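Nothing fancy with the numbering, it's 1 onward along the sequence. Note that the structure is predicted; figures quoted are calculated from it, not measured.
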Amino acid sequence: QDAIGRLGEGRFIVALPGSSESAARIIGQRIRAAIASQPFSTDDGVIRLQVVVGVAALLANDPIEESINAAREAAQGEIESPSHLVSAGI
């Protein structure tokens, strides 16, 4: 069963058992685009959020921590290559 959990401030994990890595990437892109397209009103004006996605596969006997660390490394690669970020504009 798919699940979502909070890893820390501004960090979440989405578990998609039974999904391929390529399917997980597509889902991540959809989540990123959906969040980027929704402006949020604050006292200081309107803001748009950007989501950085890191995808990692987890085999049946792998510790979840290894997969989380691999996903963090993949997300860090996206941060260092801003061309991969989706922005809905300001």
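By the 4.5 Å heavy-atom criterion applied to side chains, Leu49 and Phe40 are counted as neighbours. The shortest distance between side-chain heavy atoms of Leu16 and Ile27 falls below 4.5 Å.
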Self-check item: Ile68 vs Leu7, side chain to side chain contact (heavy atoms under 4.5 Å, CB included): CA-CA, chis, key distance, verdict
Solution: CA-CA 9 Å; Ile68 291 171; Leu7 292 176; 4.1 Å; yes
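The minimum heavy-atom distance linking Ala56 with Ala71 is given by the pair CB-N, 3.6 Å. Val55 and Ala24 get closest at one heavy-atom pair: CG1-CB, 3.9 Å. When every heavy atom of Pro39 is checked against every heavy atom of Arg48, the shortest pair comes out as CD-NH1, 3.7 Å.
Annotation: salt bridge (Lys or Arg N to Asp or Glu O under 4.0 Å) contacts involving residues 18-27, sequence neighbours excluded, comprise Glu21-Arg25.
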